[in-house]
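Predicted model only: the values in this text are computed from it and were never measured. The sequence lines fix the lettering, A, B, ..., with proteins before strands; numbering per chain opens at 1.
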Number of protein chains: 2
Amino acid sequence: MLSETTVLAALASPRRREILRLVWNQELSAGTIHQAMPDVTFGAVSSQLRSLLEDGLIEARAESRHRFYRARREALGSLAEMLERMWDDKLWSLKLEAELEETRRGPRPRRRRRKT
Amino acid sequence: MLSETTVLAALASPRRREILRLVWNQELSAGTIHQAMPDVTFGAVSSQLRSLLEDGLIEARAESRHRFYRARREALGSLAEMLERMWDDKLWSLKLEAELEETRRGPRPRRRRRKT
DNA sequence: ACATTAGTTTAGTTTAAACTAAAGTAATGT
DNA sequence: ACATTACTTTAGTTTAAACTAAACTAATGT
């Protein structure tokens with residue numbers, strides 16, 4: 001469901017950002033993507049591709065023995081919205097007051113006391 | 001210098017996002033922040049605060065025995081710009097062609113051959 | 001001086017990410 | 001049929017993050 005955490009975690013990796021950038025405007029085969037990052041093995045690239053695929057940030061198409069990948073740009077929409085919400089000040093911390101009030105009243109987190 | 005990776009990695013943690021949200025519009029003491037997240041120890045919160053501080057996403061002010069934290073909102077500017085650049089299509093993958101050409105010509109990554 | 005409060009730091013554990021080397025798979029070429 | 005190509009997957013290693021419990025520090029209260 002493309003949570004903020006999923007998208008942010010995916011983007012936090014420079015390697016995955018690089019891949020995403022490569023397939024941003026066009027689809028590329030796994031091999032071509034690997035060629036663009038010769039410092040890692042094919043396996044490593046394949047693994048990151050799978051990760052991006054599972055997170056819904058790219059999509060794949062098989063053709064003969066190639067697999068072509070391309071960015072699912074829509075996936076970043078939620079992140080853009082999140083940032084907008086953040087800049088939009090108030091909304092983001094709206095629940096703060098209520099939350100604090102609640103925990104202030106509720107049972108304080110019991111920390112175990114040292115043995116007497 | 002607040003690299004994209006730094007900001008994205010910081011935001012990728014739900015815990016740090018929660019903290020950031022709490023101190024987005026106001027400064028709060030470490031204790032108050034901890035009260036808002038009673039499922040973790042004070043130590044854990046303190047550690048995340050330090051991490052956010054080091055990454056330049058929040059700033060701290062000491063007053064008597066309290067330490068007050070608040071978001072450094074400017075820090076997210078670079079991320080917003082990055083997203084804009086991305087949505088702005090072409091720019092992001094501009095270097096792609098040149099890069100691929102280069103690696104295509106250059107020495108292919110030598111994979112060690114199985115022992116004969 | 002001693003206890004309490006507010007917070008940080010340390011030591012140690014658990015879990016996960018990123019990678020490599022090598023093996024596996026499936027389609028194509030000869 | 002066998003080798004090659006284009007990938008994926010597995011097994012194992014290294015490194016780092018997030019956390020807990022407990023020790024530590026520094027300011028305040030009595």
| request: Send over the distance from B:Arg65 CZ to D:dG29 P, rounded to a whole Å. | output: 6 Å

| task | Could you pick out which residue, A:Ala9 or A:Ser64, lies toward the 5' side of DNA chain C when each is mapped onto its nearest nucleotide? | result | A:Ala9

| message | Quick check on C:dT8: is either OP1 or OP2 less than 4.0 Å from any side-chain nitrogen or oxygen of B:Tyr69? | response | yes

| task | Look at the side-chain N and O atoms of A:Arg16 and state whether any lies under 4.0 Å from the OP1 or OP2 oxygen of C:dA17. | result | no

| query | Roughly how many Å is it from CZ in B:Arg50 to C1' in D:dA17, rounded to a whole number? | reply | 13 Å

| request: Respond yes when some side-chain nitrogen or oxygen of B:Ser29 is under 4.0 Å from OP1 or OP2 of C:dG7, and no when none is. | output: yes

| task | Compare side-chain N and O positions of A:Gln48 against OP1 and OP2 of C:dC19 and report whether any pair is under 4.0 Å apart. | result | yes

| query | Can you check the B:His34 NE2 to D:dA18 C1' distance for me, whole Å? | reply | 14 Å

| Between A:Glu59 and A:Arg61, is there a side-chain N and carboxylate O pair less than 4.0 Å apart? | no

| note | Result for 5'-nearest mapping on DNA chain C, choosing between B:Ala44 and A:Ser51, is B:Ala44

| request: Could you tell me whether the phosphate oxygens of C:dT20, OP1 or OP2, come under 4.0 Å of any side-chain nitrogen or oxygen in A:Thr41? | output: yes

| request: For A:Glu54 and C:dA18, give me the distance from atom CD to atom P, rounded to whole Å. | output: 13 Å

| task | Under the side chain to side chain contact (heavy atoms under 4.5 Å, CB included) rule, what do A:Leu28 and A:Tyr69 come out as? Steps first, then yes or no, please. | result | CA-CA 5 Å; A:Leu28 290 178; A:Tyr69 293 92; over 6 Å; no

| field | A:Asp55 and A:Arg50: CA distance, side-chain angles, deciding distance, salt bridge (Lys or Arg N to Asp or Glu O under 4.0 Å) verdict | value | CA-CA 8 Å; A:Asp55 291 347; A:Arg50 183 152 64 86; over 6 Å; no

| task | Calculate the interatomic distance between A:Leu49 atom CG and C:dC19 atom P; express it in whole Å. | result | 12 Å

| What is the distance from CG of A:Leu28 to C1' of D:dA6, rounded to the nearest Å? | 15 Å

| request: In whole angstrom, give the distance that lies between atom NE2 of A:His66 and atom P of D:dT5. | output: 12 Å

| field | Note, B:Leu22 side chain near B:Glu27 side chain (heavy atom, < 4.5 Å) | value | no

| task | Quickly work out the A:Arg67 CZ to D:dC7 C1' distance and round it to whole Å. | result | 9 Å

| note | With the side chain defined as heavy atoms from C-beta on, A:Ser13 is closest, among D:dT8, C:dA18, C:dG7, to C:dA18

| remark: dist B:Glu54:CD -> B:Ile58:CD1 (nearest 0.5 Å) comes out at 10.0 Å

| query | Checking all strands, does A:Ser47 fall into the base, sugar-phosphate, or nothing category for heavy-atom contacts under 4.0 angstrom? | reply | nothing

| task | Using a heavy-atom cut-off of under 4.0 Å over every strand shown, decide if A:Ala30 touches base, sugar-phosphate, or nothing. | result | sugar-phosphate

